[in-house]
Asker: 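I'd like to ask you about the structure that follows.
All values derive from a computational prediction rather than experimental measurement. Proteins get letters first, then strands, A, B, ... in listed order; numbering begins at 1 in each.
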Number of protein chains: 2
Amino acid sequence: MGLTKTEMFTDKQNEIALFSKVFGHPARVAILQHLFKIDSCVCGDLVNEIGLAQPTISQHLKELKHLGLIKGNVEGTSVCYCINPENWTKMKDTMLQFLNQDVSNKEDCC
Amino acid sequence: MGLTKTEMFTDKQNEIALFSKVFGHPARVAILQHLFKIDSCVCGDLVNEIGLAQPTISQHLKELKHLGLIKGNVEGTSVCYCINPENWTKMKDTMLQFLNQDVSNKEDCC
DNA sequence: TTAATTCATTGCAATATTACGATTAATATT
DNA sequence: AATATTAATCGTAATATTGCAATGAATTAA
């Protein structure tokens, strides 16, 4: 059907899925990596840095902003984007709980 | 267009996106968490555990298997699924590199 | 052999995502 | 004011994803 049944899962599971979903596109991964690499904030150079059209980048930025992973500040005609460190850390904690599940006793199963 | 332009990104960026994409659905998160929780392997109880139809679960398992995160062993009429610990660890390393980017100098930007 | 069980596959409908041209909104420059 | 610059939004086309009923394949039980 194309409609994810979020109501049958826990809040945590849905949260992990939402964060993962936003990382599920290489353009958004690239945007975030670039924002980390460039210490100072970056505006629409992302359009040049990544090879996608301006509306496409703008759309990806919107999703990242919606999840709180980046902040955007208007500076004249351009907009300065950067990582939101608090929310990045919170996201990381959630994801690490999921990724760090104990793998040690899974060796001889199946 | 709906067609992700993977060729304009690095292998690493695409890899991160692929792993993230598979975690981008709560059913797959729930399946993985259940496989971690149940030390011994689990077969089609996943259909009961999670509330989705058998073909749907089967499809999610297929994607997890395709990325190498789980293994499946036929045992009679049922199939036993479990975490693939080696690949899980490899995936974790890749994801951690991405998640652990330094956030410390992002405080006063924008 | 026949029936039952378990799971994969197929086919399809509904919805979501990706990408971009065209346009709009906001500010800056002249 | 008129123009330029930058980025958001709208509209739309192409493709992907999700979910399940129906079916098929493989094994086991009778």
Asker: Using only side-chain N and O atoms of His25(A), determine if any of them is under 4.0 Å from OP1 or OP2 of dA19(C).
Answerer: yes
Asker: For Thr56(A), which contact category applies under a 4.0 Å heavy-atom criterion: base, sugar-phosphate, or nothing?
Answerer: base
Asker: Calculate the interatomic distance between Asn48(B) atom CG and dT5(C) atom P; express it in whole Å.
Answerer: 14 Å
Asker: Could you label the plane-to-plane angle of the Phe9(A) and His25(B) rings as parallel, tilted or perpendicular, counting under 30° as parallel and over 60° as perpendicular?
Answerer: perpendicular
Asker: Could you tell me whether the phosphate oxygens of dT17(C), OP1 or OP2, come under 4.0 Å of any side-chain nitrogen or oxygen in Lys21(A)?
Answerer: yes
Asker: Does Ser58(A) put a side-chain nitrogen or oxygen below 4.0 Å from OP1 or OP2 of dA8(D)?
Answerer: yes
Asker: In terms of the nearest nucleotide of DNA chain C, which residue is placed more toward the 5' end: Glu75(A) or Met8(B)?
Answerer: Met8(B)
Asker: Give Ile57(B) one of three labels, base, sugar-phosphate or nothing, depending on what nucleic acid heavy atoms sit under 4.0 Å from its own.
Answerer: nothing
Asker: Any donor-acceptor pair under 3.5 Å between the side chain of Gln54(A) and the base of dA8(D)?
Answerer: yes
Asker: Remember a base hit wins even if backbone is also touched, and classify Leu52(A) as base, sugar-phosphate or nothing at under 4.0 Å, heavy atoms.
Answerer: sugar-phosphate
Asker: Exactly one of Met91(B), Lys90(B), Lys92(B) should register a side chain to side chain contact (heavy atoms under 4.5 Å, CB included) with Phe19(B). Which one does?
Answerer: Met91(B)
Asker: If dT30(C) has a Watson-Crick or G-U wobble mate with both distances under 3.5 Å, name it; if not, just say none.
Answerer: dA1(D)
Asker: Just by distance, do the side chain of Asn87(B) and the backbone of Gly68(B) share a donor-acceptor pair under 3.5 Å?
Answerer: yes
